[in-house]
Participant: 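One structure, pasted below without further comment.
Values below: all heavy atoms of this structure, side chains included; hydrogens, waters and symmetry mates excluded. Whatever order the structure lists ligands and atoms in, that order sets their numbers, starting from 1. As the structure is a prediction and not an experimental result, all values here were calculated from the model.
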Amino acid sequence: MTDMQFEKIALIGIGLIGSSIARAIREKGLAREVAISTRSSETLKRAEELGLGTSYHTSAAEAAEEADLVIVSVPVGASGAVAAEIAVALKPGAILTDVGSTKASVIQQMLPHVPDGVHFIPGHPIAGTEHSGPDAGFADLFQGRWCILTPVAGTALEPLARLRLFWETLGSKVDEMEPEHHDKVLAIVSHLPHIIAYNIVGTAADLETVTESEVIKYSASGFRDFTRLAASDPVMWRDVCLHNKDAILEMLARFSEDLAYLQRAIRWGEADKLFDLFTRTRAVRRSIIEAGQDTAAPDFGRHIKGGN
Ligand SMILES: NC(=O)C1=CN([C@@H]2O[C@H](COP(=O)(O)OP(=O)(O)OC[C@H]3O[C@@H](n4cnc5c(N)ncnc54)[C@H](O)[C@@H]3O)[C@@H](O)[C@H]2O)C=CC1
Ligand SMILES: O=C(O)C(=O)Cc1ccc(O)cc1
């Protein structure tokens with residue numbers, strides 16, 4: 001057990017991310033009290049059965065009362081409504097943060113509700129799986145992964161340092177970024193891969209009616225990797241698409257152009273173009289491995305559990 005970093009932490013939303021944070025807090029002894037809130041009483045009951053907190057509330061405001069740190073872990077489209085709900089309960093000096101996959105929209109939704117004296121510091125752990133719900137979480141999800149903080153103008157240094165230390169204690173490496181820059185970077189490294197996966201699996205599912213069970217029967221590992229991403233939570237990814245629209249459309253336009261180049265090279269048998277592209281992309285994979293960033297798949301395979 002390390003020293004308590006916080007007297008009371010409130011976790012609003014207790015799915016994959018909220019419950020992973022709860023488990024890590026419990027394991028590392030980071031708070032005396034952990035108040036958990038979620039909309040659905042069924043999920044709340046499950047969180048209690050798993051012993052994820054010290055008190056359980058269907059009211060987010062009730063959970064947030066007297067908390068030193070409030071972490072909002074709900075689909076990004078629900079951020080504004082949650083902020084509006086908890087605003088009256090936030091105590092002066094409290095740190096309010098989130099884990100949403102998009103940042104500019106979350107800031108736009110939450111900031112207007114943040115009372116004076118509350119330190120709002122948006123965040124995003126770049127760690128997850130295709131699973132959702134409180135059973136899917138695990139304490140070492142954040143181990144060795146990046147967490148990006150996107151502080152708003154005028155953020156005080158002390159609460160920023162406290163939040164940074166919190167994520168570091170969970171095993172994360174912490175970076176700071178402008179929210180708009182975050183949204184562009186994540187659009188290409190995370191949002192587009194999911195959209196491409198949803199699309200290719202959708203195309204294959206349509207073909208399935210023609211080929212009957214062949215898509216499943218002969219699915220090689222390439223297609224199977226796409227099905228993992230395409231099994232991710234539909235509400236979460238609907239919200240990501242709606243709330244990072246501009247950056248995603250910008251990256252999709254680039255992607256479509258590059259796909260047309262590839263399509264043309266295949267049509268005209270341009271062997272050198274194909275070879276050059278495939279050589280360049282192989283180098284990207286190698287540099288990811290050299291940077292030690294290829295930890296996700298083997299570690300996370302152990303945590304295949306149920307849904308929401
Ligand atoms: N799943 C992943 O791999 C990652 C997700 N994120 C972000 O973390 C946040 C939470 O995602 P997960 O934990 O994966 O989702 P989840 O589906 O496992 O859990 C979501 C939680 O939010 C609650 N919730 C859903 N709709 C709500 C609403 N309208 N109002 C209030 N509460 C609501 C649910 O009851 C549940 O407790 C999202 O913003 C997502 O973008 C960030 C990093 C990775
Ligand atoms: O499961 C995967 O491969 C992921 O990419 C997880 C993930 C999903 C959303 C995020 O905002 C961050 C990480």
Side-chain angles (χ1 to χ4, degrees), residues 11-23 36-47 50 52-53 56-61 63-64 71-86 97-103 105-106 109-110 122-138 141-142 145-148 167 172 182-183 185-198 225-244 248 293-301 303-308:
L11 300 176
I12 315 299
I14 196 72
L16 169 73
I17 301 299
S19 78
S20 294
I21 295 172
R23 284 172 169 92
I36 290 178
S37 159
T38 192
R39 270 185 330 169
S40 124
S41 47
E42 213 178 301
T43 310
L44 196 61
K45 186 165 156 272
R46 187 63 193 137
L50 293 167
L52 295 177
Y56 303 88
H57 313 262
T58 43
S59 154
I71 306 177
V72 176
S73 309
V74 303
V76 289
S79 312
V82 167
E85 193 186 338
I86 63 176
T97 189
D98 79 304
V99 298
S101 302
T102 74
K103 295 273 58 89
S105 159
V106 165
Q109 292 178 67
M110 291 182 75
H124 179 203
I126 315 298
T129 72
E130 69 279 26
H131 301 294
S132 51
D135 282 287
F138 50 102
L141 174 64
F142 309 107
R145 318 295 298 188
W146 284 102
C147 179
I148 300 174
W167 281 108
S172 293
H182 165 280
D183 288 355
V185 173
L186 269 292
I188 189 66
V189 301
S190 176
H191 306 168
L192 227 64
H194 280 81
I195 290 164
I196 292 163
Y198 281 121
D225 288 351
F226 282 120
T227 62
R228 186 187 74 77
L229 288 184
S232 302
D233 188 71
V235 173
M236 172 188 155
W237 284 99
R238 175 202 68 192
D239 281 9
V240 169
C241 290
L242 297 177
H243 291 270
N244 197 20
I248 289 174
Q293 290 296 306
D294 184 41
T295 53
D299 280 350
F300 295 175
H303 300 280
I304 302 194
K305 299 211 185 95
N308 226 341

Participant: Considering the heavy atoms of L229, write down every atom of ligand 2 situated less than 4.0 Å from one of them.
Facilitator: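 Near L229, meaning under 4.0 Å from one of its heavy atoms, ligand 2 has 2 (C), 3 (O).
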Participant: With side-chain contact (heavy atoms from CB on, under 4.5 Å) as the criterion, how do V240 and I195 come out once you've worked through the C-alpha distance, each side chain's angles and the decisive distance to 0.1 Å?
Facilitator: CA-CA 10 Å; V240 169; I195 290 164; over 6 Å; no
Participant: Could you tell me which atoms of ligand 2, counted from 1 in the order shown, lie closer than 4.0 angstrom to a heavy atom of M236?
Facilitator: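 The list of qualifying atoms is 9 (C).
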Participant: Does the N or O separation between S101 and ligand 1 drop below 3.5 Å for any pair?
Facilitator: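 Looking only at distances, the answer is yes, because the N/O contact criterion of under 3.5 Å is met.
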Participant: Quickly, which of S79, S105, S101 forms a side chain to side chain donor-acceptor pair (under 3.5 Å) with H243? Name it, please.
Facilitator: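 Result: among S79, S105, S101, S105 is the only option passing the side chain to side chain donor-acceptor pair (under 3.5 Å) with H243.
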Participant: Check whether any N or O atom of I17, backbone or side chain, sits under 3.5 Å from an N or O atom of ligand 1, and answer yes or no.
Facilitator: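 Yes.
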Participant: Would you say the side chain of V72 lies within less than 4.5 Å of the side chain of V106, judging by non-hydrogen atoms?
Facilitator: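 Contact flag for V106/V72 side chains = no.
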Participant: Would a distance-only check, ignoring hydrogens and angles, find a side-chain to backbone donor-acceptor pair under 3.5 Å from Q109 to V76?
Facilitator: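 Checking the backbone N and O of V76 against the side chain of Q109, a donor-acceptor pair under 3.5 Å is found.
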Participant: Mark up the atoms of ligand 1 that fall under 4.0 Å of a heavy atom belonging to V76, in ascending order.
Facilitator: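 Reading through ligand 1 atom by atom, the close ones are 39 (O).
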Participant: When you compare the side chain of E130 with that of L229, does any pair of heavy atoms fall below 4.5 Å?
Facilitator: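 No; the side chains remain at least 4.5 Å from each other.
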Participant: May I ask which of T129, I21, V74, V106 has a heavy atom nearer to atom 32 (N) of ligand 1 than the others do?
Facilitator: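 Selected option, by shortest heavy-atom distance: V74.
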Participant: Going by heavy atoms, is E130 under 4.0 Å from ligand 1?
Facilitator: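 The answer is no: ligand 1 sits nowhere under 4.0 Å from a heavy atom of E130.
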Participant: Show the atoms of ligand 1 that are less than 4.0 angstrom away from any heavy atom in G13.
Facilitator: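 Here the atoms of ligand 1 in question are 37 (O).
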Participant: Kindly write out the residues that satisfy side chain to side chain contact (heavy atoms under 4.5 Å, CB included) with A61, not counting sequence neighbours, or none if the list is empty.
Facilitator: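 Side chain to side chain contact (heavy atoms under 4.5 Å, CB included) check on A61 returns S59, A89.
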Participant: Answer whether the closest heavy-atom distance between the side chains of H194 and S232 falls below 4.5 Å.
Facilitator: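 Yes - at least one pair of side-chain heavy atoms lies under 4.5 Å apart.
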Participant: Ligand 1 versus A78, non-hydrogen atoms closer than 4.0 Å: side chain, backbone, both, neither?
Facilitator: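 For A78, the contact with ligand 1 is made by the side chain alone.
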Participant: Is the ring pair H191/W237 parallel, tilted or perpendicular, if the boundaries are 30 and 60 degrees?
Facilitator: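 Answer is perpendicular, since the angle exceeds 60°.
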Participant: Apply side chain to side chain contact (heavy atoms under 4.5 Å, CB included) to S73 and list each qualifying residue two or more places apart in sequence or on a separate chain.
Facilitator: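 S73 satisfies side chain to side chain contact (heavy atoms under 4.5 Å, CB included) with I17, I21, I71, V99 once adjacent residues are dropped.
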Participant: Please could you name the atoms of ligand 2 that R228 approaches to less than 4.0 Å, counting only its heavy atoms?
Facilitator: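 Contacts of ligand 2 toward R228, numbered from 1: 1 (O), 2 (C), 3 (O).
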Participant: Using a strict 4.0 Å cut-off to heavy atoms of H124, name the atoms of ligand 2 that fall inside it.
Facilitator: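 Near H124, the atoms of ligand 2 are 10 (C), 11 (O), 12 (C).
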Participant: For ligand 1, does V99 get within less than 4.0 Å through its side chain, its backbone, both, or neither, judged by non-hydrogen atoms?
Facilitator: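 Within the 4.0 Å criterion, V99 contacts ligand 1 through backbone and side-chain atoms alike.
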Participant: Is the shortest distance from a heavy atom of P125 to ligand 1 less than 4.0 Å?
Facilitator: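 Distance cut 4.0 Å: P125 passes for ligand 1.
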Participant: Does ligand 2 have an atom under 4.0 Å from some heavy atom of W146?
Facilitator: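 Contact absent.
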Participant: Below 4.0 Å from any atom of ligand 1, is there a heavy atom belonging to A127?
Facilitator: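 Under 4.0 Å: yes for A127.
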Participant: Is the shortest heavy-atom distance from the side chain of I36 to the side chain of L44 under 4.5 Å?
Facilitator: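 Heavy-atom side-chain distance check passes, below 4.5 Å.
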Participant: Which ligand 2 atoms does S101 reach within 4.0 Å, using its non-hydrogen atoms?
Facilitator: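 It comes down to these atoms of ligand 2: 9 (C), 10 (C), 11 (O).
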Participant: Would you say S132 has any N or O atom under 3.5 Å from an N or O of ligand 1, going by distance alone?
Facilitator: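 The answer is no, given that S132 and ligand 1 share no N or O pair closer than 3.5 Å.
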Participant: Using every non-hydrogen atom in the two residues, find where D98 and P122 come nearest and quote the distance to one decimal.
Facilitator: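 Heavy atoms of D98 and P122 come nearest at OD1-CA, 3.2 Å.
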Participant: Does F138 reach the side chain of T129, with side-chain heavy atoms less than 4.5 Å apart?
Facilitator: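 Contact flag for F138/T129 side chains = yes.
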Participant: For ligand 1 and G100, I'd like to know whether there is a polar contact (N/O to N/O, distance under 3.5 Å).
Facilitator: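 No; every N/O pair is 3.5 Å or more apart.
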Participant: Does V240 reach ligand 2, in the sense of a heavy atom lying below 4.0 Å from it?
Facilitator: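 V240: no contact with ligand 2 (<4.0 Å).
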Participant: Compare all side-chain heavy atoms of P134 with those of L50 and state whether any distance is below 4.5 angstrom.
Facilitator: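 SC-SC contact between P134 and L50 confirmed.
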Participant: Between G133, P134, P234, which one has a non-hydrogen atom sitting closest to atom 18 (O) of ligand 1?
Facilitator: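 Nearest option to atom 18 (O) of ligand 1, by heavy atoms: G133.
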Participant: Short N/O distance, under 3.5 Å, between I14 and ligand 1?
Facilitator: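 N/O-N/O distance below 3.5 Å exists for this pair.
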Participant: Going by the closest heavy atom to atom 20 (C) of ligand 1, which one wins out of G77, S190, S73, S40?
Facilitator: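 Shortest heavy-atom distance from atom 20 (C) of ligand 1: S73.
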